[in-house]
Amino acid sequence: MVATHSHTQQHTLLKSQAPQTNAPANAKSRHFVAIDMGSNSFHLVIAREQDGSLQILHKEKQQVQLATGLNAQNILDNDAIERGLNCLRDFNQRFSNLDQAQVRLVATHTLRIAKNRDQFIEAALAIMPYPVEVISGHEEARLIYNGIAQSQVLGKSNLVIDIGGGSTEVVIGKKNTPTQLSSLRCGCVSFNERFFIDGLITPTSFRDAQSAADKQFASLSKEYFAGGWELTLGSSGTVKAICEAIQEEHGDETITLPRLKQLKIKLIKCGHISQIQFANVDDKRIPLVPAGLAILISFFRRLPIQKLEFSPGALREGVLYELAKIGQYQDIRHRTVDSIAQLYHIDMAHAAKVRDTAMALFEQVADEWQLRPHARLLAYGATLHEIGLHINSKSLHKHGGYIISNSDLPGFSEALQLDLARLITNHRKKPNELMLAELEPNHKLTLNRLLCLLRLAVLLNLGRIAKTLTLDHIKVIPDGLMLVLPSHKRKISLFMKDLQREQKQMLTLGMNLRLVSSLT
């Protein structure tokens with residue numbers, strides 16, 4: 001979930017969506033740490049803000065190869081988990097002494113599909129107290145493109161490919177803005193395990209790997225086959241290794257299809273991974289070159305591409321600059337919420353009233369309920385709670401949850417997107433007990449408390465009345481909330497009936513609503 005440390009009134013929180021820092025006003029710099037937990041390698045980048053720009057202080061990577069630990073049932077074995085955790089222990093030592101550091105950890109394909117990923121995430125949290133964001137394929141593609149945009153000057157139209165350990169991301173962009181995002185199920189580690197068994201390199205292994213990649217690239221939308229890109233760029237260690245191999249053969253790193261085919265012939269002649277020798281390619285990367293080469297050949301064959309150049313920018317740079325809010329970055333999530341609200345024709349005046357009410361309630365209980373880190377989630381849920389009306393008013397909460405669960409939400413981690421869907425699904429009528437029961441206890445308690453506030457905010461604005469009803473105040477009690485109601489009950493008689501019905505629904509969330517008059 002998204003954290004904010006602001007303790008100002010709710011309207012200030014909503015107008016300024018950027019997280020607040022605790023750094024003193026006279027601090028000369030802030031530190032930022034980005035960790036990219038890929039299927040092949042884990043990357044660490046530490047930077048500081050200096051005069052409005054980022055200065056990279058330290059970069060490090062370890063080849064963890066999480067993807068090799070996945071079995072056919074997508075269960076991650078203990079050895080792979082331990083390799084990943086050991087890497088995080090090492091990384092933690094690099095920045096644990098930094099004061100006021102802002103840290104973001106993102107995980108990609110392998111942890112996206114691992115059925116036991118919670119085991120890894122829970123153990124990671126014990127090593128460093130920062131949440132692991134398991135990002136979607138589209139979100140990974142967006143961050144990759146934005147990382148490249150921070151690393152070099154892009155053209156008017158650009159095509160980017162990033163070959164990871166478990167997936168390959170392909171992006172079309174106009175200047176610094178990505179316009180088409182795709183994530184394909186082909187990666188250098190997974191393809192190495194499937195097609196280059198025991199290190200053998202044969203015409204058959206290449207043919208089978210290329211055929212599997214062909215199917216993935218053929219699934220891309222029509223925009224990818226239009227051509228005419230000013231720049232075609234490749235990022236990631238695999239593309240870099242192939243560029244370095246081509247440099248040895250041709251004197252420059254420009255990738256073309258004829259050069260890729262020549263490299264393929266050379267590898268087949270080697271016959272086995274152990275026989276491949278490149279002076280400039282990292283020895284740990286060499287075993288993955290045949291699989292990456294097969295994917296890249298398929299990319300050239302399927303799409304109208306003449307040449308490709310390597311770009312040093314990647315996912316970790318995208319994460320880092322977004323974390324620091326430097327350059328083109330403002331709050332991506334805030335823009336996403338605004339965009340989806342417009343797309344589904346949400347009544348923004350009403351949504352704003354519900355959001356303001358929810359945040360006013362939030363301010364009264366946030367500290368006692370330990371909800372400060374989840375302020376934005378509540379604001380987003382209140383803004384989008386009626387999104388299901390785009391389908392119809394019947395079961396609009398269920399429709400809304402479905403829309404959010406199945407939409408591409410730039411800037412949202414998978415976990416944050418699911419929590420937003422849970423809030424919207426349960427903002428009215430009987431809560432979905434099965435949906436909430438699957439959560440671990442602390443997570444469930446947090447969601448139930450946020451739901452309590454959201455449901456009350458919706459009730460206080462029910463019927464789109466001209467003036468929002470108000471509560472004199474609310475108070476946390478051991479098993480729920482005490483609501484202090486205005487003394488003139490006749491003016492709120494209908495609201496009282498709504499509240500009495502809501503008392504029964506709240507019990508499903510484990511929340512007791514105690515109703516008292518301001519005169520008692």
Just verifying a value: how many Å separate [X] [atom1] and [Y] [atom2], rounded to the nearest 0.5 Å?
X    : Y    : atom1 : atom2 : answer
I135 : H138 : CD1   : NE2   : 12.0 Å
I121 : L111 : CD1   : CG    : 6.0 Å
N78  : L76  : CG    : CG    : 8.5 Å
L267 : Q275 : CG    : CD    : 12.0 Å
Y145 : E169 : OH    : CD    : 15.0 Å
L143 : R104 : CG    : CZ    : 5.5 Å

Under a 4.5 Å cut-off applied to non-hydrogen side-chain atoms, are [X] and [Y] in contact?
X    : Y    : result
E122 : E440 : no
K264 : Q210 : yes
I255 : C243 : yes
N40  : T238 : no
N116 : I81  : yes
F42  : D36  : no
V189 : T68  : yes
S219 : L184 : yes

- Query: After noting the C-alpha distance and the side-chain angles of H272 and S274, does the key distance pass the side-chain hydrogen bond (donor to acceptor under 3.5 Å, both in side chains) rule?
  - Reply: CA-CA 5 Å; H272 194 275; S274 62; 2.8 Å; yes
Step through the shown structure and confirm whether more than 12 heavy atoms of other residues, nucleotides or ligands are within 6.0 Å of [atom1] on [X].
X    : atom1 : answer
E82  : CD    : yes
E248 : CD    : yes
E249 : CD    : yes
Q277 : CD    : no
K240 : NZ    : no

Show the nearest heavy-atom pair for residues [X] and [Y], with the distance to one decimal.
X    : Y    : answer
A379 : R355 : O-CG, 3.9 Å
F225 : L220 : CE1-O, 3.4 Å
S221 : Q180 : OG-OE1, 3.7 Å
C188 : G292 : CB-N, 4.2 Å
A382 : A358 : CB-CB, 4.3 Å
G38  : T108 : CA-OG1, 3.4 Å

Is a donor on one side and an acceptor on the other found under 3.5 Å between the side chain of [X] and the backbone of [Y]?
X    : Y    : answer
S298 : A294 : no
S235 : D162 : no
R449 : W369 : yes
D198 : L200 : no
R48  : L57  : no
S236 : G164 : no
T383 : A351 : no
S205 : F196 : no
Q152 : P312 : no

- Query: Is the closest basic N to carboxylate O distance between K59 and E317 below 4.0 Å?
  - Reply: yes
- Message: side-chain contact (heavy atoms from CB on, under 4.5 Å) for L66 and R83? Distances and angles first, verdict last.
- Response: CA-CA 8 Å; L66 271 189; R83 289 196 303 273; 5.8 Å; no
- Task: Take I276 and V289, measure what side-chain contact (heavy atoms from CB on, under 4.5 Å) needs, and give me the verdict at the end.
- Result: CA-CA 10 Å; I276 300 175; V289 168; 5.6 Å; no
- Query: How far apart are the C-alpha atoms of S311 and E309, what are their side-chain angles, what is the distance that settles it, and do they pass the side-chain hydrogen bond (donor to acceptor under 3.5 Å, both in side chains) test?
  - Reply: CA-CA 7 Å; S311 173; E309 299 172 7; over 6 Å; no
- Task: Apply side-chain contact (heavy atoms from CB on, under 4.5 Å) to the pair L159 and Y224, showing each step before the final yes or no.
- Result: CA-CA 8 Å; L159 176 66; Y224 287 92; 4.0 Å; yes
- Task: Please report the C-alpha distance between S183 and E140 in whole Å, then the side-chain angles of each, then the deciding distance to 0.1 Å, and finally whether the side-chain hydrogen bond (donor to acceptor under 3.5 Å, both in side chains) criterion is met.
- Result: CA-CA 8 Å; S183 182; E140 182 179 356; 5.0 Å; no
- Message: Before you tell me yes or no, could you show the steps for E322 and N146 under side-chain hydrogen bond (donor to acceptor under 3.5 Å, both in side chains), namely the whole-Å CA-CA distance, both residues' side-chain angles and the distance that decides it to 0.1 Å?
- Response: CA-CA 9 Å; E322 190 162 296; N146 289 339; 4.5 Å; no
- Task: Run the ring-centre check on F206 versus F195 and record whether the distance is less than 6.0 Å.
- Result: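 So the answer is no for these two rings.
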- Query: Given H109 and R185, is the side-chain contact (heavy atoms from CB on, under 4.5 Å) satisfied, shown in steps?
  - Reply: CA-CA 9 Å; H109 183 262; R185 293 288 292 268; 3.1 Å; yes
- Task: Measure from NZ or CZ of R117 to the centre of the six-membered ring of F120, then state whether that distance is under 6.0 Å and the direction lies within 45° of the axis.
- Result: no
- Hey, what's the ring geometry for F299 with F217, parallel, tilted or perpendicular (30° and 60° as the breaks)?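 Answer is tilted, since the angle falls between 30° and 60°.
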